[in-house]
*Asks:* 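Dumping the structure here so I can ask a few things about it.
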Amino acid sequence: MICYIIKLIYGGIFCKKGVYDMKSLVSASLLGCDLADIRSEIKNIEKAGADWLHCDVMDGCFVNNISFGTPVLKCVRKASDLPMDTHLMINDPIRYIDDYAGLGSDYITFHLEAAPDPQAVIDRIHSHGKFAGISIKPATPVSEVEPYLATADMVLVMTVVPGFGGQKFIPATLEKISEIRYMLDSMGRDKVFIEVDGGINAETVKFCREAGADVMVSGSYLFGAEDKSAAVKSLKV
Ligand SMILES: O=C(CO)[C@H](O)[C@H](O)COP(=O)(O)O
Ligand SMILES: [Fe+2]
């Protein structure tokens with residue numbers, strides 16, 4: 001208990017042995033690119049050193065925005081061999097897992113708040129041989145995701161309220177990253193990724209990394225950068 005309190009105070013300094021040995025991964029959020037020119041945007045960000053392609057699927061119900069769905073992700077799959085990191089911001093996501101797995105997503109992340117039975121969604125993703133991510137909004141307590149840490153392959157901590165790119169990073173989410181990393185370490189699950197998404201740039205990434213995150217999603221910062229290689233590099237802290 002004392003250790004846990006110290007850990008929270010220090011915001012993750014003592015967390016996850018080994019993660020600091022490797023650079024963090026950068027997942028480029030295509031929501032921030034010019035969608036009319038998506039193939040060349042993908043090629044450019046790939047050349048700049050991005051590790052994954054992050055695809056934000058929004059249904060206009062779970063979040064107040066509609067983005068894109070299977071037709072666009074099929075084109076993304078054809079345009080690149082990079083791992084596809086699909087972020088489902090849709091209600092009752094189990095309805096669409098077969099589709100997003102079938103089109104070639106590597107990681108499929110859904111929202112805990114949107115799923116009546118989160119374990120069933122994780123199991124369905126695994127039944128396709130894909131990696132399962134579970135995400136929480138900034139207002140959702142870490143205790144709600146704890147039951148799924150034993151089986152999820154990735155936890156996505158939203159660092160903005162989901163729905164739109166270009167928002168400001170919420171610092172209060174850092175404590176949640178540290179708490180989740182501590183819980184995963186305590187369970188011996190040190191291969192589980194913690195991904196952060198929303199307002200990630202060269203400054204905010206440092207705090208996320210210290211707290212224990214290892215996959216950094218970035219849209220507006222990366223695609224808005226003049227020098228994309230330098231921007232990607234700045235996120236690999
Ligand atoms: O899931 C998301 C929004 O809900 C996006 O991935 C995220 O906002 C990335 O955009 P930016 O880096 O511009 O904040
Ligand atoms: Fe996202």
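Because the structure is a prediction, the values reported are computed rather than measured. This chain uses plain numbering: 1 for the first residue, then up along the sequence. Remember, it's 1-based here, ligands and their atoms both numbered in the order they're listed.
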*Asks:* Do you see a donor-acceptor pair shorter than 3.5 Å between the side chains of Asp197 and Ser29?
*Replies:*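 No, no side-chain donor-acceptor contact under 3.5 Å.
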*Asks:* I'd like to know if the side chain of Asp56 pairs up with that of Ser67 as donor and acceptor (distance under 3.5 Å, no hydrogens or angles considered).
*Replies:*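 No donor-acceptor contact under 3.5 Å links the two side chains.
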*Asks:* Closest non-hydrogen protein atom to atom 4 (O) of ligand 1, residue and atom name please, with distance?
*Replies:*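 The protein heavy atom lying closest is Gly163 N, 2.8 Å.
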*Asks:* Donor-acceptor pair, distance only, cut-off 3.5 Å: does the side chain of Lys236 make one with the backbone of Val26?
*Replies:*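 No: the side chain of Lys236 does not pair with the backbone of Val26.
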*Asks:* Just to check, does Gly32 reach to within less than 4.0 Å of ligand 1 when the distance is taken from its heavy atoms?
*Replies:*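 Gly32: no contact with ligand 1 (<4.0 Å).
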*Asks:* Need the ligand 1 atom indices (1-based, order shown) with element for anything under 4.0 Å from a heavy-atom of Gly199.
*Replies:*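 Listed by number with element, the hits are 14 (O).
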*Asks:* Distances under 2.8 Å only: what protein N/O/S atoms are near the Fe ion (ligand 2), ordered by chain and residue?
*Replies:*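 The answer is His54 NE2, Asp56 OD1, His87 ND1, Asp197 OD2.
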*Asks:* Nearest 0.5 Å, what's the CD1-CG distance between Ile38 and Leu30?
*Replies:*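 So the gap between those two atoms works out to 5.0 Å.
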*Asks:* With atoms numbered from 1 as shown, which atoms in ligand 1 lie under 4.0 angstrom from a non-hydrogen atom of Asp56?
*Replies:*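 Atoms satisfying the 4.0 Å criterion: 1 (O), 2 (C), 5 (C), 6 (O).
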*Asks:* Kindly confirm or rule out an N or O of Ser218 lying under 3.5 angstrom from an N or O of ligand 1.
*Replies:*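 So ligand 1 has no N or O lying under 3.5 Å from an N or O of Ser218.
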*Asks:* When you compare the side chain of His128 with that of Asp98, does any pair of heavy atoms fall below 4.5 Å?
*Replies:*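 The answer is yes; the side chains approach within 4.5 Å.
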*Asks:* Whether the side chain of Lys43 engages the backbone of Ala79 through a donor-acceptor N/O pair (distance < 3.5 Å, no angle test) should be reported.
*Replies:*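 Pair found, side chain donor or acceptor close to backbone of Ala79.
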*Asks:* What are the atoms of ligand 1, with element, lying closer than 4.0 Å to any heavy atom of Pro162?
*Replies:*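 The atoms of ligand 1 under 4.0 Å from a heavy atom of Pro162 are 4 (O).
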*Asks:* Taking the non-hydrogen atoms of Phe164, is any one of them nearer than 4.0 angstrom to ligand 1?
*Replies:*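 In this structure, Phe164 qualifies as a contact of ligand 1 - some heavy atom is under 4.0 Å.
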